[in-house]
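Have a look at the structure below before the remarks.
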Amino acid sequence: MQRYIYAVTQKLPEGQREEIRLELEGLIEDMLDERTQGGPVTDGDIEAVLRELGSPHKLADQYRARPRYLIGPGFFDAYISVLRIVLISIGIGLSASFAVEALITPAETLQHFISYIVSIITIGVQGFAWVTVTFAIIEYAGVKPEDLNKSKREWSLADLPEIPDRRLLIKRGEPIVGIIFSVLFAVLFTFSVELIGVIVFRENFREVVPIFNVENFARYLPLIWGLTALSILKESVKIIFGKWTRGVVLSHVALNALTFILLVIMFKDSEVWNPYFVDQLVQLNILTPGSEAFEWVQTIWGGGQHWLISIVAIVTAIDIVSVCLKVYPIHKGAMGNVKNH
């Protein structure tokens, strides 16, 4: 009996063990008294009672506040869908990068192909980790759509969900497109940041004038992976719920604001930009010093980081405001109808 109790309590948090040990001892003694009717207890009686209680592992699960899942059955289908989207996006992004590199430097195609295979494996594992950790966080946080919460108790007609306003429904294609662009962003800035710039094609000559300082940009890779994980988290919540609830709107706004802050931190750093960008364009005879085009490019480049941050700020603000303006009046109207009723 003590071995059985030990097997149960060892699977529980340490702070609960003593209380549950005493509870189990009392439960087993009561079951033995009921079985023997006050008579002597045999090993057979103890064995029968313990068999009735069942597996220590399953009994320990009943004592836990919730089952231990990395990703529970309620989210597993969405997890597989998002994982598939992420891995396909990684394949598309890396394949496009390989094609561009092979086009620019065809003599190094074999080297690019080897790098392509290594990158597929490396970022494929990272993509798997991003999605798995994202859904594990959602599971651990106890986020549950209404139908998942109600499935834990006996079902009744009262559990039937209200038919949502069609204006609140999130088209499945929207979060899918968001995930694809986020992953392509991560792939581009992780493996092909040197290709972001002006590509010069001339006879027997191909070269890229990069916008970013590749060496200094590398230290922001963890930040880029974090941004990708945040975006996957945001879009996964939309896929799971399928409609704009207050919680989905709040998570969307909060994650968008956090993403904007992280992008500002990265693009505000002057060292991530190529300090010789304009000079390299001049060396390749793309720009001529003193010309109108030269002055225009130099002006734009001088305030490039500010322009980029402003554009990101405007896009983020438009996205947040448009969602809030679309969702808030509908929810407000629904609450008004309920009060009137």
Side-chain angles (χ1 to χ4, degrees), residues 78-106 108-135 171-201 206-239 255-256 258-260 262-263 266-267 272-274 308 311-312 315-316 319:
Y79 165 72
I80 293 298
S81 297
V82 173
L83 183 61
R84 187 182 295 117
I85 294 166
V86 168
L87 294 180
I88 291 174
S89 301
I90 289 172
I92 293 173
L94 288 176
S95 298
S97 175
F98 166 70
V100 173
E101 289 178 335
L103 181 64
I104 294 175
T105 53
E108 302 176 6
T109 299
L110 179 59
Q111 181 179 347
H112 293 322
F113 179 74
I114 295 173
S115 177
Y116 167 71
I117 297 299
V118 173
S119 299
I120 283 282
I121 297 172
T122 302
I123 202 167
V125 171
Q126 290 180 7
F128 176 82
W130 292 336
V131 178
T132 303
V133 169
T134 295
F135 275 83
K171 295 180 180 178
R172 193 171 179 84
E174 293 179 12
I176 290 176
V177 171
I179 292 173
I180 291 173
F181 274 102
S182 298
V183 173
L184 292 179
F185 168 85
V187 170
L188 181 63
F189 280 90
T190 300
F191 293 96
S192 304
V193 67
E194 71 279 359
L195 297 180
I196 303 174
V198 178
I199 302 178
V200 181
F201 287 97
R206 298 181 181 91
E207 189 169 335
V208 179
V209 179
I211 292 177
F212 298 102
N213 186 322
V214 178
E215 294 181 0
N216 291 335
F217 196 88
R219 68 174 182 265
Y220 283 100
L221 289 182
L223 180 60
I224 291 172
W225 300 334
L227 287 170
T228 305
L230 283 177
S231 180
I232 292 174
L233 174 61
K234 179 182 68 176
E235 304 303 337
S236 297
V237 169
K238 295 180 188 176
I239 290 176
L255 292 175
N256 266 4
L258 182 57
T259 299
F260 170 70
L262 295 178
L263 284 173
M266 180 170 65
F267 291 131
V272 304
W273 303 91
N274 180 6
L308 183 59
I311 292 171
V312 173
V315 171
T316 302
D319 179 65

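As the structure is a prediction and not an experimental result, all values here were calculated from the model.
Side chain of T259 to backbone of L255: a donor-acceptor contact under 3.5 angstrom is found. Checked by atom type and distance alone, the side chain of S97 never pairs as donor or acceptor with a backbone atom of G93 at under 3.5 Å.
Minimum interatomic distance between I123 and I90 (heavy atoms only, all atoms of both residues): CG2-CG2, 3.1 Å. Between P210 and N274, the shortest heavy-atom distance links the atoms O-ND2, 2.9 Å. Residues T316 and N256 approach most closely at CG2-O, 4.0 Å, considering heavy atoms. Residue G127 comes nearest to L83 through the heavy atom pair O-CD1, 4.5 Å, listed as atom of the first residue, atom of the second, then distance. Pairing each heavy atom of G178 with each of S231, the nearest pair is O-OG, 4.1 Å. Listed here is the closest heavy atom pair of S236 and F135: OG-CE1, 3.6 Å.
Side-chain atoms of F185 and I224, non-hydrogen and from C-beta on, do get closer than 4.5 Å to each other. The shortest side-chain heavy-atom distance between V82 and E235 does not fall under the 4.5 Å cut-off. No side-chain heavy atom of L233 sits less than 4.5 Å from a side-chain heavy atom of W130. The shortest side-chain heavy-atom distance between I92 and I180 does not fall under the 4.5 Å cut-off. Inter-residue side-chain proximity for W273 and N213 is flagged as unmet; no heavy-atom pair is nearer than 4.5 Å.
Summarising the geometry, atom CD belonging to E194 is positioned 5.5 Å from atom CD belonging to E101; distances are rounded to the nearest 0.5 Å. Expressed to the nearest 0.5 Å, how far CZ of F191 lies from OG1 of T122 amounts to 5.5 Å. Distance OG1/T132 to CD1/I232: 10.0 Å, rounded to 0.5 Å. A distance of 3.0 Å separates OH of Y116 from OG of S95, quoted to the nearest 0.5 Å. Interatomic distance, S81 OG to I179 CD1, rounded to the nearest 0.5 Å: 9.5 Å. Distance check: L263 CG to L223 CG gives 7.5 Å after rounding to the nearest 0.5 Å.
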Identify each donor-acceptor pair in which a side-chain atom of residues 214-222 lies under 3.5 Å from a protein atom, sequence neighbours left out, and give them as a table.
| residue | atom | partner | partner atom | Å |
| --- | --- | --- | --- | --- |
| N216 | ND2 | E271 | O | 3.0 |
| R219 | NH2 | D269 | OD2 | 2.5 |
| R219 | NH2 | E271 | OE1 | 3.2 |
| Y220 | OH | D269 | OD2 | 2.8 |

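The aromatic rings of F113 and F98 stand perpendicular to each other, their planes meeting at an angle above 60°, with 30° marking the opposite boundary.
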